[in-house]
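Just so it is clear, the model here is predicted, and its values are computed rather than measured. Labels below follow one simple rule: chain letters A, B, ... track the order of the sequence lines, proteins then strands, and each chain is numbered from 1.
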Amino acid sequence: MSTVRVENIKKTYEKGQVLALDDVSFEVKSGELFGLIGPDGAGKTSLFRILTTLLVPDAGRAEVAGLDVVKDLWKIRQIVGYMPGKFSLYQDLSIEENLNFFATVFNTTVAQNYHLIEEIYVQIEPFKHRLAGKLSGGMKQKLALCCALIHEPKVLFLDEPTTGVDPVSRKEFWDMLDRLKARGITIVVSTPYMDEASRCDRIALIQKGKILELDTLDQIITRHAQNLYAVDADNRYNLMNDLRKNTEIVSAFAFGEEQHVTLPPHFQDKYLSEFLKEKGHTGIKVRKIAPTIEDTFIKLMLENQ
Amino acid sequence: MKTFVAFIRKEFWHVLRDTRSLVILLGLPVVMMILFGFALSSEVKNSNVAILDYSNDDASRLLIDRIDQSQYFSVKERLKTEAEIERVFRRGEARLVVIFPQNFQEDLSHTNQVQVRFIGDASDPNTSNIVINYASSIFRDYQNELNEQKKLPYTIETETRMLYNPQLKSSYNFVPGVMTLILMLLGAMMTSVSIVKEKETGTMEILLVSPMRPLLVVLSKAVPYLFLCFIDVVIILLLAIFLLDMPIRGSLPLLLAESLLFILTTLSLGLLVSAVVDSQQTAMFLSLVGFLMPALVFSGFMFPIENMPLPLQIVSNIVPTKWYYSIVRAIMVKGLGFSYVAKQTLILAVMTVVYLTVAIRKFKIRLA
Amino acid sequence: MTKSVIHTEGLTRKFGDFVAVNAITFDVKEGEIFGFLGANGAGKTTAMRILCGLLEPTSGKASVAGYDVYRQNEEIKKHIGYMSQKFSLYENLTVRENIQFFGGIYGLTRKELREKTAVLIERLGLNQEADKLVGSLPLGWKQKIAFSVAILHRPKVVFLDEPTGGVDPITRRQFWDMIYEAAHEGITVFVTTHYMDEAEYCDRVSIMVDGSIAALDTPSGLKKQFQAESMDEVFLQLARGAKRGE
């Protein structure tokens, strides 16, 4: 059974001048942790706003828990939890006041649903009298999640919850999402960090309003197999320039200390080592590697340009 | 209902924690009352007068004494020639020059015809008019004294009485004015800014994705400002009574009730603004230019509406401040009862209902 | 030996009882790409503000481009470039106007400005967009323009505060190509980021924990030291030990 169903959604801004979503369709299964992965401006926020009844699509239709996002506005608002991309709590209210307020807004009390937020809340409880505006990024994010959860939503929409947050807090946040998933809450989350794709059941890669791919992480990577090599040499700046200038090479991008180089299918690693030797490089290292999601995303982006 | 109460409590937290705004909210009426009461008085007192006395006889000396002793004037200088008059005005040493002709007393008693000249500085026409009026009345009084002794027939005596405000105190004018302005400014601006702030910070996005109805959001935003505006009314009235000795002639409960109505009018205006505007800056600008300016111009507080060209007079009718200003003056200054302000009350009530309806209609249940 | 462009010794900044930056000592060499990492609240921003001449330290020594942070902070500002994700360009000015405005701030002459603007627009491939409002361009382009503007006056050091947040993977790499190029031309790059793979692009990386520098080495040196596969692991090992309640 699918909890979220999106069919041919189109959304434009400024009287059709700016195309935000272009014929987007997908489904999220009940109890799934679904990731929308793509850079800023890909259309993630527009999609979230349509699913949370904040915007009306230009064309197409969408359902959340079997309810139409345009017609069943008030019913959907009772059952979804939403965490917007920008920190959107009251900066001049304390942690405790914010939480109590949002509980009341959703006609419930903190006590009634404390079991849902307990694990997260205990981490920020020591600071419960501190004003939300004075919290650090990681704490704000936890508080916002508590506020989005307080009415025991059936579906949770999290728009870039980990943007600008350090790797430790990000990891903790994904651990929390795993536990919420275990409680049966369907979660749709967006992120610009490709490495977070591995934490989702299924992902949609989204770019310029279009879904490039949609499946489990492994399936997507397998489907887009590439003849990919990790290359390193002593002079990295020259290495980079030489690889870019070679027109035989499909693409070369820096990945950490190495360059990930995609070759045409019939080429072998020998081609690269010989080419680099010819260019006078020393300390050449070439090894064939399996693509990461980021390699795959880059490939898809290049194919769609 | 519980949600509503929680919402209002939250609004009070916002207001009370923003100490700077709170100081402005409660300090502004005090500052305005003190400014208008003591610094920006339109009454003319102790104006400097220069005298050019060609006759220098008993009658002229008596009159000069009277001028000097009046609370409106003080005689600063005696001039010798007419050439000096220009200097006196240029340097701003006097607002008025009084010239007595030669043989003033003699001509006065024998020919009954004598000319005294007043020369005023009309670069400030209002003040100069007032000053000349005061000076004329001193001469008229003297003339009347002389006439009483002579018992001349056929004289028409005009007797002027200033009703409701016999001492022509300016507080009768500005206290209702200050009340109108403050309520307009705070009611409309603060409410609109506070709602638009929720849009700007993104909290509105979460509120929208909740089962809470827009009506509730809008109304609960207005409640704290209703209280604050009412407190301001009370502050202004207390200052008027105890600091400026201005009595409230009419019924106090009626005055408070009418103020409450006007506060509701301004709050609904504020809500209307917030429904159509998306940034705090625009909300503030719109409130200042769209509400405060017309409030100043069209309330009748600064400029009499009767003197305006007809189109502007018609425009003034749609400005709510005009009606409230006239209500307050009627009750406070003239001591009139409800039947005299019923029309204005009705107009304000209709305006409030219209603004509020449009505001709620316009309030978006979505983002765009 | 190449000389130091940034030099700090026991640099400390307190806010009341709170020690935001606790006696940090490090050197950044000319032309180096120096990664400045740390969890939220570790004191990165404070340290960076001190080095930019915006905040006076409580104690310790620090100099940037040869100028002392206590006495010569105005000189420092003239010899550094700064770019952050939050504030970079004026959205309601065109690309050309932005370049000319920021160049003007750093005292370039009219002739220099015109030449540099033309070269820059050509180099960024923005001939078509030069007279469009910056607000209408995609984020990745804005960031590239912002970086170019930050180094327009050939500063000794450029400070980049999370320059690549939210950018797509290709643009992110193109951005780093620009960083490499700048470093190659002798501009020292001081950069903060939350992308751990970007940390590996740096010549050396420091990781701040609770106001102190917990580790400083080349990325491969750090991985060896912490027996980790990636910088991500190094970071997690160090930042997990953080005591400060953010």
Item to complete: Please say which of A:R170, A:K142, A:R199 ends up in a salt bridge (Lys or Arg N to Asp or Glu O under 4.0 Å) with A:D175.
Response: A:R199

Practice prompt. Check each atom of A:F255 against the heavy atoms of chain C and say whether the ones under 4.5 Å are side chain, backbone, both or neither.
Written response: both

Item to complete: With a 4.5 angstrom heavy-atom cut-off, could you sort out which part of C:K223 is near chain A: side chain, backbone, both or neither?
Response: side chain

Worksheet item: Taking NZ, NE, NH1 and NH2 as the nitrogens, is one of them in A:E294 or C:R173 under 4.0 Å from a carboxylate oxygen of the other?
Response: yes

Worksheet item: Which of parallel (below 30°), tilted (30 to 60°) and perpendicular (above 60°) describes C:W176 and C:Y201?
Response: perpendicular

Worksheet entry | Contacting moiety of C:D232, where chain A heavy atoms sit under 4.5 Å | side chain

Worksheet item: Counting heavy-atom pairs under 4.5 Å to chain A, which of C:P138, C:A39, C:G38 comes out on top?
Response: C:A39

Worksheet item: Salt-bridged, A:K86 to A:D159, with N to O below 4.0 Å?
Response: no

Worksheet item: Is C:R204 paired with C:D217 through a side-chain N to carboxylate O contact shorter than 4.0 Å?
Response: no

Worksheet item: Hey, which of A:I124, A:T191, A:V168 has the most heavy atom pairs under 4.5 Å with chain C?
Response: A:V168

Worksheet entry | Electrostatic pair A:D22:A:K208 at N-O distance under 4.0 angstrom | no

Discussion item. Please classify the contact of C:P219 with chain A as side chain, backbone, both or neither, using a heavy-atom distance under 4.5 Å.
Written reply: both

Item to complete: Taking only Lys NZ, Arg NE, NH1 and NH2, and the carboxylate oxygens of Asp or Glu, determine whether C:K156 and C:E30 approach each other closer than 4.0 Å.
Response: no

Discussion item. Under 4.5 Å from any heavy atom of chain C, what part of A:V165 do you find: side chain, backbone, both or neither?
Written reply: both

Fill in: Contacting moiety of C:S136, where chain A heavy atoms sit under 4.5 Å
neither

Worksheet item: Between A:P192, A:G41, A:P167, which shows the greatest number of heavy-atom pairs under 4.5 Å with chain C?
Response: A:P167

Discussion item. Between C:Q174 and chain A, with a heavy-atom cut-off of 4.5 Å, which part of the residue counts as in contact: side chain, backbone, both or neither?
Written reply: neither

Worksheet item: Do C:F36 and C:F159 have their ring centres less than 6.0 Å from each other?
Response: no

Worksheet item: For A:F253, is it the side chain, the backbone, both or neither that has a heavy atom under 4.5 Å from a heavy atom of chain C?
Response: both

Worksheet item: By a 4.5 Å heavy-atom criterion (distance strictly below it), what part of A:Q207 contacts chain C: side chain, backbone, both, or neither?
Response: side chain

